[in-house]
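Data first, discussion second: the structure below is written as structure tokens.
Starting from 1, each residue takes its place in the sequence as its number. For the numbers below, each heavy atom of this structure counts, side chains included, while hydrogens, waters and symmetry mates do not.
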Amino acid sequence: MKVLKFGGTSVANAEGFLRVAAIIEDNAKQAQTATVLSAPANVTNLLVSLVEKTVAKQEVQHQFHQVQNIFSDLLQQLSQIQPHFDYKQTQDVVQTQLNHLMELLHGIRLLGQCPDSIYALIISRGEKLSIAIMQAILLAKGYQVTVINPVEKLLANDSNYLEATVNITESRNRIQQMHIATDHLILMAGFTAGNEQGQLVVLGRNGSDYSAAVLAVCLSADSCEIWTDVDGIYTCDPRIVPDAKRLSALSYQEAMELSYFGAKVLHPRTIMPIAQFQIPCLIKNTHNPQAAGTLIGCDKLDKHYPVKGITNLNHMAMINVSGPGLKGMVGMSARIFSAMSYAGISVVLITQSSSEYSISFCVPQAELKQAKQALEETFYLELKEGLLEPIDMMKHLAIISVVGDGMRTYKGLAARLFTALAQANINIIAIAQGSSERSISVVVDNEVAVMGVRVAHQMLFGTDQRLDVFIVGVGGVGGALMDQIQRQQPWLKNKQIDLRVCGVANSRHMLFNVNGINLTDWRFKLKHSSSPFVLEKLIEHAKTDRLLNPIFVDCTSSENVANQYANFLSNGFHVITPNKKANTGSMAYYRQLRQAAANSQRKFHYDTNVGAGLPVIENLQNLFNAGDELIRFNGILSGSLSFIFGLLDEGMTLSAATKLAKENGFTEPDPRDDLSGMDVARKLLILAREAGYELELDQIDVESILPASYGEGDVAQFMQRLPELDQHFCQRISQAKQQNKVLRYVATIENGRCMVSIKAIDSEDPLYKVKNGENALAFYTRYYQPIPLVLRGYGAGNDVTAAGVFADILRTASAKVSI
């Protein structure tokens with residue numbers, strides 16, 4: 001014997017009903033089959049709305065016609081598709097039920113209220129009609145059918161019309177006394193049972209699943225199958241984490257914990273009967289019958305994951321009962337939770353301080369007012385006498401739970417959960433662990449619950465780490481970066497890094513897509529975007545879409561953009577930039593950026609500020625972290641000036657060398673930005689600050705290659721005047737050669753002084769052979785002397801700089817350990 005249950009989405013239309021009928025037929029070939037059906041999708045919601053509007057004296061014709069049309073369309077389509085379908089008889093059944101529904105609504109309108117008994121009759125009408133339709137389909141196919149009336153055969157234990165529990169022992173006796181023929185297909189409406197008086201009651205949330213579990217026990221079934229619209233049970237909600245993993249199997253206890261803490265799989269009441277009688281339960285997909293599904297059973301077949309799932313219960317509140325009256329006083333806890341029980345309030349999580357001074361517990365936020373009132377009434381005297389402090393409440397909370405049988409023996413799992421939440425800057429308000437060690441729950445702010453689930457899943461299941469990148473400035477460096485990301489996305493995906501460009505902007509337009517912009521035609525889309533450039537919109541998008549790992553990449557040279565870095569860091573962004581304006585601004589802002597990064601636990605990477613693609617900053621920071629100390633520094637920090645001075649060595653004039661460097665794209669559009677020496681000064685200031693010097697930019701001694709008068713006029717005028725300096729530089733080059741030296745534009749830190757200047761250096765100097773656009777940095781430190789640590793490589797060019805920015809982006813990816 002096998003019991004199948006189909007949800008509302010499975011029977012939402014004629015095609016769905018016939019698909020379900022085909023699944024019933026296939027299963028009936030293997031063993032006798034009983035089927036439990038829910039109401040067609042949206043019918044129960046419409047019936048609830050009909051009652052509410054009728055009680056409120058509102059018009060209900062629209063909702064009633066919606067219900068009527070759902071069934072009318074169903075029957076008409078089935079009569080056209082299914083041969084021998086008894087349209088007339090089934091239509092009569094449907095119309096009779098709808099007429100009765102109108103009578104009940106008329107009575108409610110006259111009465112001005114809806115008794116629970118009538119409410120149960122109305123909201124269960126959809127299940128009854130589903131069975132009538134399926135019976136007609138199976139009869140048309142030539143099968144013999146027995147319909148079990150749940151109001152007659154499933155006995156409710158109590159008189160609760162809306163949340164009844166079934167007396168399984170008596171119900172089992174009643175159904176077995178039916179002596180159903182073994183060649184009959186069995187149908188039963190879900191969601192309903194009958195009380196001692198024979199009145200219809202409903203079984204509450206997920207009532208049809210519970211009906212199926214009860215029927216499986218009553219029929220001594222070999223298995224129970226719950227057919228829905230997903231392939232099985234996942235490690236968490238796939239709508240929150242798209243790469244959530246399907247589980248092949250769960251134990252009854254794991255399924256119970258997951259459902260209790262909010263997983264929309266099965267209600268705990270559904271699992272209890274099948275667990276008690278050791279009946280395997282399989283979760284299957286009506287739309288994909290061949291999928292393996294998820295098996296819930298006594299054998300823990302899926303050993304791959306010690307953690308089976310991560311759930312979140314939102315819209316919770318926490319109540320804290322505290323005071324000297326709690327310590328050592330017997331029965332206080334019992335009185336607290338008895339008060340909640342009498343008030344009909346479900347307590348989801350409990351934690352107590354080790355001092356016994358306080359007890360905290362979570363309840364649904366909708367029930368908070370009622371819970372507070374119940375406690376104040378129960379402890380009126382204690383509150384009046386000061387034995388208890390005023391009841392403390394926290395609203396807008398959520399509970400994130402990690403569940404799995406393997407957690408009992410797996411070491412360090414809790415640490416990984418807490419580390420993951422800490423990396424996402426999520427504050428934990430309370431912690432609770434079940435005595436079975438099968439689950440760990442944490443209470444967090446409701447606004448960060450989704451982010452908490454994502455980061456926990458990423459850490460515990462080793463799923464792809466998602467990097468959500470927003471790039472501002474897509475000229476030379478930014479455009480090259482976009483192209484590099486497009487090329488590398490497949491390779492990174494194989495490394496479990498899902499890098500998506502979610503936003504891109506230039507000075508005029510912005511382009512957004514939370515799921516990642518298609519990088520094949522981003523230039524065209526950005527050009528024709530209707531969204532104007534508003535920097536604050538990036539933060540709004542990251543918050544609205546609850547992005548876990550947003551990364552702001554500034555490829556502009558804008559000081560205004562750089563001044564917003566602290567704001568981005570404080571709002572949960574990593575900040576990556578080749579723009580030197582932030583790190584060469586005031587010393588106060590320099591400190592503010594590092595404090596903002598520390599407070600938000602975000603990363604601020606700027607390795608391309610000095611040396612383009614060379615890993616200068618990272619290596620320097622590693623040295624200082626290891627206790628090294630800078631004694632002296634010499635470096636060529638400008639790729640454009642390296643190129644120009646190398647050409648001067650070869651006999652080219654300054655004007656010709658500058659013209660060639662400009663044509664090759666080594667200089668800024670205005671070469672004076674390079675020849676002034678201020679770009680080198682900014683890089684030197686950054687190095688000095690990294691080394692611990694608290695300096696401002698105006699404290700760097702700068703020898704400009706150009707006289708002050710050359711700052712006047714436009715670029716064309718400047719280039720026309722530049723040959724006037726050729727003779728002077730020819731003389732300096734000649735003097736240097738006579739001494740077997742070469743001229744280089746060198747940045748220096750020595751004896752607390754920082755300077756950039758033209759220097760003649762000999763062949764023993766590490767900078768002697770540096771030209772053709774290379775950068776070179778010689779660090780003389782406590783560990784590296786007299787031979788310095790030298791970093792050398794190309795320091796100019798869009799591709800090189802973009803590659804350095806790309807490397808900084810990837811450095812934001814935290815290490816993951818899969819379990």
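For the side-chain contact (heavy atoms from CB on, under 4.5 Å) criterion with L139, the lone passing option out of L185, T90, V145 is V145.
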Would you be so kind as to tabulate the donor-acceptor pairs closer than 3.5 Å made by side chains of residues 221-230, with sequence neighbours excluded?
from : atom 1 : to   : atom 2 : distance (Å)
D222 : OD2    : M1   : N      : 3.0
E225 : OE1    : W227 : NE1    : 2.9

Hey, can you pull the donor-acceptor pairs under 3.5 Å for the side chains in residues 21-30, sequence neighbours left out?
from : atom 1 : to   : atom 2 : distance (Å)
E25  : OE1    : K141 : NZ     : 3.2
E25  : OE2    : Y143 : OH     : 2.8
N27  : OD1    : K2   : NZ     : 2.8
N27  : ND2    : I23  : O      : 2.8

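Across all non-hydrogen atoms, the minimal contact from A14 to L74 is N-CD2, 3.3 Å. P273 approaches V214 most closely through the heavy-atom pair CG-CG2, 4.5 Å. Of all non-hydrogen atoms in N157 and V166, the two that sit nearest each other are ND2-O, 3.5 Å. S441 and L349 get closest at one heavy-atom pair: CB-CD1, 3.5 Å. Summarising the geometry of A430 relative to T351, their closest heavy-atom pair is CB-CG2, 4.3 Å, with the distance given to 0.1 Å. What you find for Q91 and L75 is that their closest heavy atoms are CA-CD1, 3.6 Å.
By the salt bridge (Lys or Arg N to Asp or Glu O under 4.0 Å) test, K57 pairs with no residue at all, sequence neighbours left out. By the side-chain contact (heavy atoms from CB on, under 4.5 Å) test, Y342 is found to be paired with S338, residues two or more places apart in sequence or in another chain being considered. With sequence neighbours excluded, the residues forming a side chain to side chain donor-acceptor pair (under 3.5 Å) with K372 are E376, listed by chain and number. Checked against salt bridge (Lys or Arg N to Asp or Glu O under 4.0 Å), R174 has the following partners two or more places apart in sequence or in another chain: E170. A343 is linked by a side-chain contact (heavy atoms from CB on, under 4.5 Å) to I345, Q370, A374, counting only residues two or more places apart in sequence or in another chain. Partners of Q58 according to the side chain to side chain donor-acceptor pair (under 3.5 Å) rule, which considers only residues two or more places apart in sequence or in another chain, are K53. Partners of E196 by salt bridge (Lys or Arg N to Asp or Glu O under 4.0 Å), not counting sequence neighbours: none found. Scanning for side chain to side chain donor-acceptor pair (under 3.5 Å) contacts around Y119 gives an empty result, with sequence neighbours left out. Not a single salt bridge (Lys or Arg N to Asp or Glu O under 4.0 Å) links K284 to another residue, sequence neighbours left out.
No more than 12 heavy atoms of other residues, nucleotides or ligands sit less than 6.0 Å from atom CD of Q290. Atom NZ of K153 sits in a crowded spot, with more than 12 heavy atoms from other residues, nucleotides or ligands closer than 6.0 Å.
Looking at heavy atoms from C-beta onward, L155 lies out of side-chain contact with N195 at the 4.5 angstrom threshold.
Within the model, atoms OG1 of T169 and CG of N173 stand 7.0 Å from one another, a figure rounded to the nearest 0.5 Å. Atom CG of N42 is separated from atom OG1 of T9 by 12.0 Å, given to the nearest 0.5 angstrom. If you take CD on Q352 and OG on S333, they are separated by 5.0 Å, rounding to the nearest 0.5 Å. Here CD of Q82 is found 8.0 Å from NE2 of H84. Values are rounded to the nearest 0.5 Å. Note: R172 CZ to L215 CG = 11.5 Å, rounded to the nearest 0.5 Å. The structure places CG of N149 at 10.5 Å from CD1 of I175, a figure rounded to the nearest 0.5 Å.
The backbone N or O of N45 lies less than 3.5 Å from no partner atom in the side chain of S49, so there is not a single donor-acceptor pair. No side-chain donor-acceptor contact under 3.5 Å links Q433 to the backbone of I440. At least one donor-acceptor pair closer than 3.5 Å links the side chain of T33 to the backbone N or O of A31. Counting only distance, with no hydrogens or angles, the side chain of S124 and the backbone of A120 share a donor-acceptor pair below 3.5 Å. In this structure, the side chain of R438 does not engage the main chain of E257 through any donor-acceptor pair within 3.5 Å. Here the side chain of S38 pairs no donor or acceptor atom with the backbone of S208 at under 3.5 angstrom. Side chain of E163 to main chain of N160: no donor-acceptor pair is present (N/O by atom type, distance under 3.5 Å, no hydrogens or angles). Side chain of T294 to backbone of A249: no donor-acceptor contact under 3.5 angstrom is found.
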Practice prompt. Any chance you could lay out the side-chain contact (heavy atoms from CB on, under 4.5 Å) test for Y252 and I296, step after step, and finish with the verdict?
Written response: CA-CA 6 Å; Y252 295 120; I296 301 172; 3.7 Å; yes
Worksheet item: Does the pair D73 and Q77 meet the rule for a side-chain hydrogen bond (donor to acceptor under 3.5 Å, both in side chains), with working shown?
Response: CA-CA 6 Å; D73 292 344; Q77 291 171 21; 5.2 Å; no
Discussion item. One pair to check against side-chain contact (heavy atoms from CB on, under 4.5 Å): C218 and S171. What are the steps and the verdict?
Written reply: CA-CA 7 Å; C218 293; S171 301; 3.9 Å; yes
Item to complete: Kindly indicate, with the supporting measurements, whether the criterion side-chain contact (heavy atoms from CB on, under 4.5 Å) is fulfilled by Y161 and Q199.
Response: CA-CA 9 Å; Y161 288 100; Q199 296 172 303; 2.7 Å; yes
Item to complete: Mind running side-chain hydrogen bond (donor to acceptor under 3.5 Å, both in side chains) on T165 and R269 for me, showing each step along the way?
Response: CA-CA 9 Å; T165 301; R269 290 205 307 166; 3.2 Å; yes
Practice prompt. Go through the steps for N446 and M316 under the test side-chain contact (heavy atoms from CB on, under 4.5 Å), then give the verdict.
Written response: CA-CA 8 Å; N446 196 77; M316 306 300 293; over 6 Å; no
Discussion item. Using side-chain hydrogen bond (donor to acceptor under 3.5 Å, both in side chains), reason through H315 and Q365 one step at a time and then give a plain yes or no.
Written reply: CA-CA 6 Å; H315 308 297; Q365 186 162 306; over 6 Å; no
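Side-chain contact, Q97 with H100: no donor N or O sits under 3.5 Å from an acceptor N or O.
Ring pair Y210/F191: centre-to-centre distance not below 6.0 Å.
For residues 91-110, the pairs satisfying salt bridge (charged side-chain N to carboxylate O under 4.0 Å, His left out) are K88-D92, with sequence neighbours left out.
For D231 and R246, the salt-bridge test fails: no basic side-chain N is under 4.0 Å from an acidic carboxylate O.
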